[in-house]
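Here's the structure we're looking at; comments come further down.
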Amino acid sequence: MATERTLSIIKPDATRRNLTGKVNACLEAAGLRIIAQKRLWLTQAQAEAFYGVHRERGFFRDLVTFMVSGPVVAQVLEGENAVASNREIMGATNPANAAPGTIRAQFAESIEANTVHGSDSAENAAVEIAFFFSGLEIVG
Ligand code: GDP
């Protein structure tokens with residue numbers, strides 16, 4: 001296994017409920033290091049660009065509306081196999097299907113307001129990290 005980086009977002013449902021620290025504790029307990037982090041409120045255009053791959057899906061409009069409904073916390077996580085291990089600690093997209101102990105099983109409100117985003121491949125992680133962070137902001 002190699003040391004990898006992945007992009008995580010703590011979504012508006014979680015910042016609204018003051019869960020940033022609890023989510024971070026789960027990430028760190030899973031062995032992931034938070035090597036960059038910033039809180040920001042996405043614009044409509046930024047949310048549409050970030051989720052551009054989902055543009056054709058029926059839930060795209062709702063997803064963008066949700067993602068601009070409050071602040072998010074964007075993060076770079078680093079660790080062994082970080083992409084897969086973050087996906088594991090996040091849990092399934094629909095919290096009803098998320099394994100016990102995962103972030104989404106513990107905190108998600110719905111399939112849409114599901115607390116966290118995590119890159120799904122190393123290739124997408126590189127693109128998504130560059131969307132939010134410059135090299136100077138990432139301190140490994
Ligand atoms: P993820 O990789 O587990 O985040 O899931 P996807 O890439 O399939 O979807 C991206 C995001 O869109 C999810 O995290 C949810 O916030 C949202 N989403 C996914 N499926 C649905 C759906 O069926 N309905 C709605 N409203 N939102 C969805």
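As the structure is a prediction and not an experimental result, all values here were calculated from the model. Order of appearance sets the numbers: ligands from 1, and atoms from 1 within every ligand. Sequential numbering from 1 along the given sequence is applied to the chain's residues.
- For residues 119-140, the ring pair (Phe, Tyr, Trp, His ring centres under 6.0 Å) pairs, not counting sequence neighbours, are F50-F131, F50-F132.
- Connection of L40 to I35 is established within a shared hydrophobic cluster, with ILVMFWY side chains joined at heavy-atom distances below 4.5 Å, either directly or through further cluster members.
- Near ligand 1, K11, H54, R57, F59, L63, R87, T93, R104, I111, E112, N114 each place a heavy atom less than 4.0 angstrom from the ligand.
- The hydrophobic cluster containing L136, built from Ile/Leu/Val/Met/Phe/Trp/Tyr side-chain heavy atoms closer than 4.5 Å, comprises no other residue.
- In this structure the side chain of Q75 never reaches within 4.5 angstrom of the side chain of I9, judged on heavy atoms.
- For the side chain to side chain donor-acceptor pair (under 3.5 Å) test, no residue two or more places apart in sequence or in another chain qualifies with K22.
- At distances below 3.5 Å, at least one donor-acceptor pair connects side-chain atoms of R104 with backbone N or O atoms of V116.
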